*Asks:* 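Got a structure for you, written out below as structure tokens; questions coming shortly.
Computed from a predicted model, the values in this text were never measured in an experiment. Note: hydrogens, waters and symmetry copies are ignored here, and every other heavy atom, side chains too, is used.
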Amino acid sequence: MIAEVNSLEIRGREKKVSGRMNREYLIVRLEDETGKIIELLDWNVENMERYQKGLIANFRLNLDIGKYTNISIRDFTITE
């Protein structure tokens with residue numbers, strides 16, 4: 001399933017390596033309009049430099065719903 005979430009402020013990002021798959025990924029910290037911090041996973045590490053603190057972006061998210069729900073960033077566009 002794909003979901004769209006708009007107007008989240010980028011607060012930071014961090015590169016990590018999956019211990020199970022030995023694959024790099026990003027943890028992206030975002031803030032909504034209420035100030036709540038959200039952390040999302042982005043498998044595309046080439047996006048690292050696009051995540052600049054303070055920018056507002058709209059996100060398309062992959063939602064894999066099963067026994068556990070997995071959410072990852074599919075794509076995003078900077079609005080400000």
Side-chain angles (χ1 to χ4, degrees):
M1 179 183 321
I2 297 174
E4 295 202 20
V5 181
N6 296 318
S7 301
L8 296 177
E9 183 177 350
I10 298 169
R11 303 302 296 160
R13 81 278 199 249
E14 177 181 0
K15 187 185 286 187
K16 294 195 169 213
V17 177
S18 168
R20 198 177 81 214
M21 298 186 311
N22 200 30
R23 181 177 169 194
E24 289 185 320
Y25 64 96
L26 301 173
I27 294 294
V28 182
R29 287 174 191 78
L30 306 162
E31 184 176 315
D32 69 10
E33 67 277 355
T34 67
K36 182 177 179 182
I37 298 293
I38 302 158
E39 289 187 343
L40 294 175
L41 180 140
D42 188 342
W43 287 106
N44 186 355
V45 293
E46 293 177 10
N47 284 334
M48 186 155 183
E49 296 307 316
R50 291 180 61 204
Y51 291 114
Q52 297 297 317
K53 186 175 180 175
L55 295 177
I56 306 296
N58 297 330
F59 290 84
R60 293 190 72 189
L61 305 176
N62 288 321
L63 282 89
D64 296 322
I65 301 171
K67 182 175 180 180
Y68 301 101
T69 300
N70 294 308
I71 302 171
S72 61
I73 297 170
R74 180 184 186 103
D75 193 19
F76 69 101
T77 55
I78 303 297
T79 61
E80 290 184 20

*Asks:* State the CD-CD1 distance between Glu31 and Ile38, to the nearest 0.5 angstrom.
*Replies:*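 Glu31 atom CD to Ile38 atom CD1 measures 9.0 Å (nearest 0.5 Å).
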*Asks:* Does NZ in Lys16 sit with more than 12 non-hydrogen atoms of other residues, nucleotides or ligands closer than 6.0 Å?
*Replies:* no
*Asks:* Output the distance between atom OG1 (Thr77) and atom CZ (Arg50), rounded to the nearest 0.5 Å.
*Replies:*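 Interatomic distance, Thr77 OG1 to Arg50 CZ, rounded to 0.5 Å: 8.0 Å.
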*Asks:* Side chain to side chain contact (heavy atoms under 4.5 Å, CB included) between Lys53 and Arg29: does it pass, once the steps are laid out?
*Replies:* CA-CA 9 Å; Lys53 186 175 180 175; Arg29 287 174 191 78; over 6 Å; no
*Asks:* What about Leu55 and Leu26, same hydrophobic cluster or not, with Ile/Leu/Val/Met/Phe/Trp/Tyr joined at side-chain heavy-atom distances under 4.5 Å?
*Replies:* yes
*Asks:* Minimum heavy-atom separation for Lys15 to Met48, with atom names?
*Replies:* CE-SD, 3.8 Å
*Asks:* List the atom of Leu63, the atom of Ala3, and the distance in Å for their closest heavy-atom pair.
*Replies:*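 Answer, listing the atom of Leu63 first, then Ala3: CD1-CB, 3.3 Å.
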*Asks:* Quick one: does Asn62's side chain get under 4.5 Å of Ile2's, heavy atoms only?
*Replies:*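 Yes, close enough: below the 4.5 Å cut-off.
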*Asks:* In terms of heavy-atom contacts, does CE of Met1 have more than 12 from other residues, nucleotides or ligands at under 6.0 Å?
*Replies:* no
*Asks:* Within the structure provided, determine whether Val28 and Phe76 are in side-chain contact (heavy-atom separation under 4.5 Å).
*Replies:*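 No, every pair of side-chain atoms sits at 4.5 Å or beyond.
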*Asks:* Does Ile73 reach the side chain of Asn44, with side-chain heavy atoms less than 4.5 Å apart?
*Replies:* no
*Asks:* Within this structure, what is the CD-CD1 distance for the pair Glu9 and Ile56, rounded to the nearest 0.5 Å?
*Replies:* 4.5 Å
*Asks:* So, taking the atom named CH2 in Trp43 and the one named CD in Glu24, what distance separates them when rounded to the nearest 0.5 Å?
*Replies:*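 Trp43 atom CH2 to Glu24 atom CD measures 11.0 Å (nearest 0.5 Å).
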*Asks:* Atom CD in Gln52, atom CD1 in Ile78: separation rounded to 0.5 Å?
*Replies:* 8.5 Å
*Asks:* Should the pair Glu39-Arg11 be classified as a salt bridge under the 4.0 Å nitrogen-to-oxygen rule?
*Replies:*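 Looking at Glu39 and Arg11, the cut-off is not met.
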*Asks:* Are the side chains of Val17 and Asn22 in touch, meaning some heavy atoms are under 4.5 Å apart?
*Replies:*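 Sidechains of Asn22 and Val17: in contact.
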*Asks:* First locate atom CG of Asp64, then atom CD1 of Ile71, and finally report the distance between them rounded to the nearest 0.5 Å.
*Replies:* 9.5 Å
*Asks:* Are side-chain heavy atoms of Leu40 and Ser72 found at a separation under 4.5 Å?
*Replies:*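 SC-SC contact between Leu40 and Ser72 ruled out.
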*Asks:* Does the side chain of Ile10 reach to within under 4.5 Å of the side chain of Leu30, using non-hydrogen atoms?
*Replies:*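 Yes - at least one pair of side-chain heavy atoms lies under 4.5 Å apart.
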